[in-house]
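One structure is given below, encoded as C-alpha cells.
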Amino acid sequence: MTQRLGIFGGTFDPPHVGHVVAALNVKHALGLDLVTLMVAGEPWQKTSEGNVESAVDRLEMTRAAIAGIPGLIAGDDEVRRHGPTFTIETLEKLSRTQPDTELFTIVGADAARSLTTWHRWQDIALFSTLVVVSRDGTTPMAGNNFDGVRVMIANVDASSSEVRGRIRNGQSVDTLVAPSVIKIINERNLYRAVNDTTEYR
Ligand code: ATP
Ligand code: MG
C-alpha cells in the first residue's frame with residue numbers, strides 16, 4: 001500500500017505548539033500516515049539574517065517536541081547533508097529511496113508567501129503535492145503559481161521569534177513550548193542574554 005508522507009520543513013528554532021498543531025491538522029485532514037518535521041541543516045534564508053542555534057540542538061528540541069505523538073516524527077536528512085538546505089533535494093532523495101511513498105510538502109502561511117524564493121521551487125510540484133496551512137483561507141498558494149491543497153486550521157498565535165524574544169526578556173514560554181523542549185533550552189542556555197542564568201518555565 002502506498003504510504004502518504006507529509007514533509008513539514010522548518011528551522012524549528014525552537015519548535016512550538018503552532019508547529020505541532022499545524023502538522024497534526026494536516027495529517028488528519030489529508031489522511032497522511034506520517035508527518036516529518038524536517039529540520040533544516042543550514043537554513044540559508046535565515047542564517048543570512050542572524051544567529052540560528054546549531055542543527056543538533058534544533059533537531060533534539062524537535063525530537064522532544066513530538067515525542068509520544070503518534071504519526072509525527074523528526075527528520076534529520078537535511079541535518080546530515082552538507083551545504084545550504086534545499087527542500088527539493090530532500091524530495092528528490094525521498095522519491096528515490098521510497099518510490100512507493102506519496103509526498104506532500106507542507107508550508108505555513110509565511111512560507112507559502114515566499115515559496116517562489118526557494119531553490120528550484122517549481123520542481124516541488126513534480127515530486128509532491130503542495131499543502132498550505134491557512135488560518136483564514138486567504139493565504140496565497142505560492143503567489144497563485146501553484147496548484148495545491150489548502151488546509152484550514154484555527155489560529156495558533158505562536159512563532160519561534162516570539163519564543164526567542166520572550167526568553168531573551170526573561171518572560172515565560174510555557175504556553176508556547178513543550179516542557180521537554182524548555183528543559184533542553186535551560187540545560188543548554190539557548191536564546192538567553194549573556195550572563196542570564198534564570199530557569200525558564
Ligand atoms: P520564525 O519566527 O523564526 O520565523 P517560525 O515560528 O515561523 O519561526 P519556522 O521554523 O520558520 O518557525 O517555520 C516552519 C514552518 O512552520 C513554516 O512553514 C511556517 O509557516 C510554519 N509555522 C510557524 N508558526 C506557525 C503557526 N503558529 N501555525 C501554523 N504554522 C506555523
Ligand atoms: Mg517563520
Side-chain angles (χ1 to χ4, degrees), residues 6-30 35-55 57-66 69 72-79 84-88 90-91 103-119 121 124 128-143 146 148-169 171 173 175-178 181 185 190-191:
I7 304 295
F8 187 35
T11 307
F12 302 114
D13 192 23
H16 53 70
V17 288
H19 295 134
V20 174
V21 167
L24 282 176
N25 274 276
V26 172
K27 179 176 180 291
H28 290 299
L30 303 183
V35 173
T36 300
L37 276 69
M38 187 63 80
V39 179
E42 226 178 89
W44 51 283
Q45 294 195 331
K46 292 208 174 170
T47 39
S48 61
E49 288 167 15
N51 207 30
V52 173
E53 294 293 353
S54 78
D57 287 339
R58 290 182 291 105
L59 177 62
E60 284 180 34
M61 287 190 285
T62 306
R63 285 191 174 129
I66 53 89
I69 304 178
L72 298 191
I73 53 173
D76 64 1
D77 303 62
E78 297 182 352
V79 170
T85 300
F86 300 131
T87 298
I88 186 64
T90 307
L91 297 173
L103 298 170
F104 296 80
T105 300
I106 304 166
V107 295
D110 57 323
R113 244 172 250 116
S114 63
L115 195 83
T116 51
T117 67
W118 290 17
H119 179 61
W121 64 272
I124 289 173
S128 66
T129 301
L130 180 71
V131 181
V132 176
V133 177
S134 178
R135 294 160 178 179
D136 57 8
T138 62
T139 310
M141 302 296 291
F146 239 106
V149 180
R150 198 190 305 279
V151 173
M152 302 290 297
I153 67 166
N155 186 17
V156 179
D157 195 7
S159 69
S160 299
S161 327
E162 186 190 353
V163 174
R164 295 191 301 271
R166 291 186 65 86
I167 293 174
R168 213 178 305 117
N169 295 327
Q171 296 166 298
V173 294
T175 58
L176 301 169
V177 179
V181 175
I185 292 173
L190 306 181
Y191 308 117

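Counting starts at 1 for both ligands and their atoms, following the listed order.
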Which pair of heavy atoms, one from L30 and one from F104, lies closest together, and at what distance? CD1-CD2, 4.2 Å
State, to 0.1 Å, how close A23 and L72 come at their nearest heavy-atom pair, and which atoms those are. CB-CD2, 3.9 Å
Under a 4.0 angstrom heavy-atom cut-off, which atoms of ligand 1 come close to G10? 10 (O), 14 (C)
All heavy atoms of V17 vs all of T175, minimum pair found to be CG2-O, 3.9 Å
Does the R58 side chain pair with the main chain of G41, one donor and one acceptor, at a distance under 3.5 Å? yes
With heavy-atom distances below 4.0 Å as the criterion, list the atoms of ligand 1 near G9. 14 (C), 15 (C)
Hey, which atoms in ligand 1 end up nearer than 4.0 Å to a heavy atom of V107? 18 (O)
Metal environment of the Mg ion (ligand 2), protein N/O/S under 2.8 Å: D110 OD2
Which ligand 1 atoms does G18 reach within 4.0 Å, using its non-hydrogen atoms? 26 (C), 27 (N), 28 (N), 29 (C)
What protein heavy atom is closest to atom 25 (C) of ligand 1, reported as residue, atom name and distance in Å? H16 CE1, 3.9 Å
Who's the nearest protein heavy-atom neighbour of atom 12 (O) of ligand 1, and how far? H19 NE2, 3.0 Å
Taking all non-hydrogen atoms of both residues into account, name the closest pair between A40 and T85 and its distance. C-OG1, 3.9 Å
Looking only at protein heavy atoms, identify the closest one to atom 30 (N) of ligand 1 and say how far it is in Å. A22 CB, 4.0 Å
Short question: side chain of W118, backbone of F86 - any donor-acceptor pair under 3.5 Å? no
What distance separates T36 OG1 from I7 CD1, expressed to the nearest 0.5 Å? 4.5 Å
Counting from 1, what ligand 1 atoms have a heavy atom of R164 closer than 4.0 Å? 3 (O)
Heavy-atom closest pair, residues A65 and V20: O-CG2, 4.2 Å
Could an N or O of ligand 1 be found under 3.5 Å from any N or O of A158, whether backbone or side chain? yes
Taking only heavy atoms of F12, which atoms of ligand 1 are found under 4.0 Å from at least one of them? 10 (O)
Give me the atom names and distance for the closest heavy-atom approach of A55 to V79. CB-CG1, 3.9 Å
Under 4.0 Å from a heavy atom of S159: give me the atoms of ligand 1 that qualify, with their elements. 2 (O), 6 (O)
min-distance protein heavy atom vs atom 19 (C) of ligand 1 -> D110 OD1, 3.2 Å
Pick one: which of T105, V132, V107 meets side chain to side chain contact (heavy atoms under 4.5 Å, CB included) with L115? V107
Protein contact for atom 21 (C) of ligand 1 (heavy atom, distance under 4.0 Å): yes
Out of curiosity, F8 CZ to I66 CD1, how far, rounded to the nearest 0.5 Å? 13.0 Å
L130 side, atom CG; R150 side, atom CZ - distance, nearest 0.5 Å: 10.0 Å
Counting N and O atoms only, with roles assigned by atom type, does the side chain of E78 sit under 3.5 Å from a partner on the main chain of T87, one being a donor and the other an acceptor? no
Closest approach of any protein heavy atom to atom 1 (P) of ligand 1, naming residue and atom: S161 OG, 3.2 Å
Ligand 1 to F8 polar contact by distance, N or O atoms, under 3.5 Å: no
Using residues 157-164 as the side-chain source, report each donor-acceptor pair under 3.5 Å to any protein atom, sequence neighbours left out, with the distance given to one decimal.
| unit_1 | atom_1 | unit_2 | atom_2 | d |
| --- | --- | --- | --- | --- |
| S159 | OG | E162 | N | 3.1 |
| S160 | OG | P14 | O | 2.8 |
| R164 | NH1 | D13 | O | 2.7 |

Where is the nearest protein heavy atom to atom 11 (O) of ligand 1: which residue, which atom, and how far? K46 NZ, 2.5 Å
Contact atoms of ligand 1, heavy-atom distance to R135 under 4.0 Å: 26 (C), 27 (N), 28 (N)
In Å, rounded to the nearest 0.5 Å, how long is the span from CD1 of I106 to OG1 of T129? 10.5 Å
For atom 18 (O) of ligand 1, the protein heavy atom that lies nearest, with its residue and separation: G108 N, 2.9 Å
